[in-house]
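The structure under discussion appears below in the form of structure tokens.
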There are 2 protein chains.
Amino acid sequence: MRNVVAQIGDKWSLLILFALVDGADRFNALKSRVEGISQRMLTQTLRDLEREGYVNRTVYPEVPVKVEYALTTMGKDLVKPLYKLVSWADEHQDEINRARKEYDENR
Amino acid sequence: MRNVVAQIGDKWSLLILFALVDGADRFNALKSRVEGISQRMLTQTLRDLEREGYVNRTVYPEVPVKVEYALTTMGKDLVKPLYKLVSWADEHQDEINRARKEYDENR
DNA sequence: CAGTATCCTAGCAGATACTG
DNA sequence: CAGTATCTGCTAGGATACTG
């Protein structure tokens, strides 16, 4: 039950998945769009997402090499329930902030 | 955007939230039901969930003290999109396993 | 361009002992 | 019963340097 959430609940997976929603993108383009991510973490997280079957990697043997990442069919499908969660979060942002504030004030 | 997923994407939050779906529960009862969790992590995760406003804590001043944890209205609401995600995970379990296996075999 | 390879550190989380 | 407190190993992840 925890598998998927454990997998995409890390620091970067979600951001990468959503960065790929609009279409395939190249490594360095992704690096720019996913603010704050290091090269190391981008590579590693992409490999993980690829391994899970959410992302596929295409190498174009040009010089210099061009590598594109895109959501797989399953990846696109996964994004749907994730959207629900994200919009839930959006809608409840204020409520959560209030809860936090109140909690913190009482100790 | 990452806030909620970061919050409940840790090792135990999801399991605790789902353990509370059927109704309020006491500390040690939860500890039994959430298999493998340490006392330390149960306390800590419950505090976090309380801080976010997903769980509330009620102390009954008996001797010995009795403490009950329950989902708040917002907590119950959060569980809905989480269910979507969990059932998605369920449905795609095999596909993910296949993807992993294939990935691992090719390197 | 798209990565490895190393080094390094903060903090997550387990185990254990103690307490109102 | 429902927690704290403390010690500690481990690993996620940042910074940096290098490469086909």
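The figures here come from the full heavy-atom set of this structure, side chains too, leaving out hydrogens, waters and symmetry mates. Protein chains get the first letters and strands the later ones, always in sequence-line order, with residue 1 at the start of each.
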Interface polar pairs with nucleotides 13-16 of chain D, N/O, under 3.5 angstrom:
from	atom 1	to	atom 2	distance (Å)
D:dG13	N7	A:R40	NH1	2.9
D:dG13	N7	A:R40	NH2	3.0
D:dG14	OP1	A:K11	NZ	2.8
D:dG14	O6	A:R40	NE	3.0

Could you tell me whether the side chain of A:S87 and the main chain of A:K84 form a donor-acceptor pair under 3.5 Å?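 Yes.
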
Could you go through the side-chain contact (heavy atoms from CB on, under 4.5 Å) check for B:T58 and B:V67 one step at a time? CA-CA 6 Å; B:T58 313; B:V67 179; over 6 Å; no

To the nearest 10°, give me the bend of the helix from C:dC1-D:dG20 to C:dG20-D:dC1, comparing the axes of its five terminal pairs at either end.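 Rounded to the nearest 10 degrees, the bend comes out at 60°.
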
Can you name the residues that form a salt bridge (Lys or Arg N to Asp or Glu O under 4.0 Å) with B:D94, not counting sequence neighbours?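 For B:D94 there are no salt bridge (Lys or Arg N to Asp or Glu O under 4.0 Å) partners, ignoring immediate neighbours.
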
Going by the rule salt bridge (Lys or Arg N to Asp or Glu O under 4.0 Å), which residues pair with B:R40 if we only count those two or more places apart in sequence or in a different chain?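 By the salt bridge (Lys or Arg N to Asp or Glu O under 4.0 Å) rule, B:R40 matches no residue at all.
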
Got a salt bridge between B:E52 and A:R100, using NZ or NE/NH1/NH2 to carboxylate O under 4.0 Å? yes

How long is the gap from [atom1] on [X] to [atom2] on [Y], to the nearest 0.5 Å?
X	Y	atom1	atom2	result
B:D77	A:H92	CG	NE2	4.0 Å
B:D10	A:D10	CG	CG	12.5 Å
B:W12	B:I37	CH2	CD1	5.0 Å

Might you confirm whether atom NZ of A:K66 has over 12 heavy atoms from other residues, nucleotides or ligands at distances under 6.0 Å?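 For A:K66, atom NZ is crowded (more than 12 foreign heavy atoms under 6.0 Å).
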
Answer yes or no: are there more than 12 heavy-atom neighbours, outside A:E62 itself, under 6.0 Å from its atom CD? yes

Evaluate the ring planes of B:W88 and A:Y54, with Trp represented by its six-membered ring, and classify them as parallel (under 30°), tilted (30 to 60°) or perpendicular (over 60°). tilted

Measure up the B:F27 and B:Y69 rings against each other and bin them: parallel (under 30°), tilted (30 to 60°), perpendicular (over 60°). tilted

Considering only heavy atoms, which members of residues 47-65 of chain A lie under 4.0 Å from some atom of DNA chain C?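 Residues of residues 47-65 of chain A under 4.0 Å from DNA chain C: A:R47, A:R57, A:P64, A:V65.
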
Boundaries of the DNA chain C segment in contact with chain B, non-hydrogen, under 4.0 Å: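 Taking any atom under 4.0 Å from a heavy atom of chain B, the span is C:dA13 to C:dA15.
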
